[in-house]
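Presented below is the structure to which this report refers.
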Number of protein chains: 2
Amino acid sequence: MIHVTATTPPRTRLTPDERRSQLLDLGVRLLAVRSLEELSIDVIADEAGISRGLLYHYFGGKQGFYEAVVQRAADDLFEQTAPPPEGEPLDRLLVSLTGYVDYVVANTAGYRSLVKAASGSNESLSAIYETTFAALADRFFTADPDGLVLQDTPPVRLIIHAWQAMVEDLVLTWIDDPAGLTRDDLLHVITGSLPAIGSLLP
Amino acid sequence: MIHVTATTPPRTRLTPDERRSQLLDLGVRLLAVRSLEELSIDVIADEAGISRGLLYHYFGGKQGFYEAVVQRAADDLFEQTAPPPEGEPLDRLLVSLTGYVDYVVANTAGYRSLVKAASGSNESLSAIYETTFAALADRFFTADPDGLVLQDTPPVRLIIHAWQAMVEDLVLTWIDDPAGLTRDDLLHVITGSLPAIGSLLP
DNA sequence: TCATTCTATTGACAGATATTCAATAGTGGC
DNA sequence: GCCACTATTGAATATCTGTCAATAGAATGA
């Protein structure tokens, strides 16, 4: 581990992988404190103790850096909510959903920034978000390949997409003000609402 | 360059109300084409045929202008989805929800920009969005003051908030790809899902 | 009609941020 | 220890936001 003091600016030379990884970690970490727009090149460079030019060398520009950071945050979310490899399909989904709630609780600020970044103006950032949540939706079909619970059809995809938006809002709003609901109450609403909404399809 | 050959810009002088109104209209109109971040002071000033300085004079800055434009768009939404003054409570709500769907269909790009702006980093823009949707939620209670359908409690507010997020996502996603669902199918899901989710509360 | 006053409007200027690129300096190979 | 390679820098440029004293259109009063 290399210790860099704030007073002396020694030019530390890392391998491209190390440097890239360091900057992405820093970006994700700062994303929990500042929003993406406040995450200027200057701020990152100062915080990492490098020059602005280096960020451009690695990520091409602000946009490229944002994309890499958001992708990293999305990957974190996806990995940390992975369902267990064994078990009954419904159980595995329940564990995964519980993991999602716990992840958002433990990482609220960062998750909020991720959502903001995705909903923001940029096309490629939205694409990262959409791809991630489509992959999360896939778990409903891979966990139950026979389609006993849900069949992979366009209307069902539509419903799952909207249900995901609801769950996201529900968890984030609940964190701000639980309104008397326990974590288990919340999970009951989350798990019960998907079949309830699905049954409304023609 | 001092000598301007082609067109001498005629400085048109309006009353403050007229000018303010003109700029807000232009802002809302451009919001349907460009996102809020692309709506720079320069763009607005050019499009309106005025100087940058004037925008600062009227709105204090980019932030103030954004707030005014978003507030205007939110007001439009609220007014154009007003429920009819007479009728059965459930009928009035159904008309209002139908009006919401039709508004988003007719004004998709603008509504998307509104959502993006609200989800964006800024605190005061989010507040405008939240206040507007809280006012929309109020309609559930003012339409049915006796609370026969829903009672105004924190858990119910939480559910309505999440349900609104779902409806918003549902309509916007449906517009992109109806997935075989008709407008009536969509409204059936929308209207049926709120009591379905509400019944999951402890 | 003309002069005067008020203020809507402008344009030049300053500061911050994004981006580029030739020059610099670690680090590994010989 | 020398050399080649390339990670890294810092100065220069461009674009955007924000400020403010100066300008000019329009109403008022004679």
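Note on naming: letters A, B, ... go to the chains in the order of the sequence lines (proteins, then strands), and numbering restarts at 1 for each one. Only heavy atoms go into these numbers, but all of them, side chains included; no hydrogens, no water, no symmetry mates.
For A/Arg13, the listed nucleotide lying nearest its side chain is D/dC5; candidates were C/dA8, D/dC5, C/dT19. In this structure, of D/dT8, C/dT17, C/dT10, it is C/dT17 that holds the atom nearest to the side chain of A/Asp42. Considering only the side chain of A/Ile50, D/dT9 comes nearest among C/dA18, D/dT9, D/dA7. Closest to the B/Tyr56 side chain, of the nucleotides C/dT9, C/dT20, D/dT19, is D/dT19.
In the displayed structure, A/Gln151 atom CD is contacted under 6.0 Å by at most 12 heavy atoms of other residues, nucleotides or ligands. For A/Asp176, the CG atom is densely surrounded, since the number of other residues' heavy atoms within 6.0 Å is greater than 12.
What separates CD1 of B/Ile44 from C1' of D/dG18 is a distance of 16 Å, to the nearest Å. Here C/dC13 presents its P atom at 13 Å from CZ of B/Arg52, a figure rounded to the nearest Å. Going from atom CZ of A/Phe65 over to atom P of C/dT19 covers 13 Å, rounded to whole Å. When the P atom of D/dC20 is taken as reference, atom CG of B/Leu54 falls 17 Å away, rounded to whole Å. Taking atom CD1 of residue A/Ile41 and atom P of nucleotide D/dA11, one finds them 19 Å apart after rounding to whole Å. For the pair A/Asp17 CG and D/dA7 P, the interatomic distance rounds to 10 Å; values are reported in whole Å. Distance B/Leu14 CG to D/dA27 P: 12 Å, rounded to the nearest Å. Following rounding to the nearest Å, B/His57 (NE2) and D/dT17 (C1') show an atom-to-atom distance of 18 Å.
Within 4.0 Å of B/Ser40, counting heavy atoms only, lie sugar-phosphate atoms of the nucleic acid but no base atom. Residue-level contact check: B/Thr12 touches the backbone only, with heavy atoms under 4.0 Å from sugar-phosphate atoms and none from bases. The residue A/Phe59 sits apart from the nucleic acid: no heavy atom pair falls under 4.0 Å.
Using a 4.0 Å cut-off between charged nitrogen and carboxylate oxygen, A/Asp102 and A/Arg183 count as a salt-bridge pair.
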Next on the checklist: Between A/Asn122 and A/Ser124, does the side-chain hydrogen bond (donor to acceptor under 3.5 Å, both in side chains) criterion hold? Intermediate values first, please.
Outcome noted: CA-CA 6 Å; A/Asn122 199 276; A/Ser124 45; 2.6 Å; yes
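Residues A/Gly49 and B/Lys62 each lie close to DNA chain D; by heavy-atom proximity, the contact nearer the 5' end of the strand is made by A/Gly49. Nearest-nucleotide mapping onto DNA chain C: of B/Pro16 and A/Gln63, the residue sitting toward the 5' end is B/Pro16.
A donor atom on one side chain and an acceptor atom on the other are not found under 3.5 Å apart for A/Gln80 and A/Tyr100.
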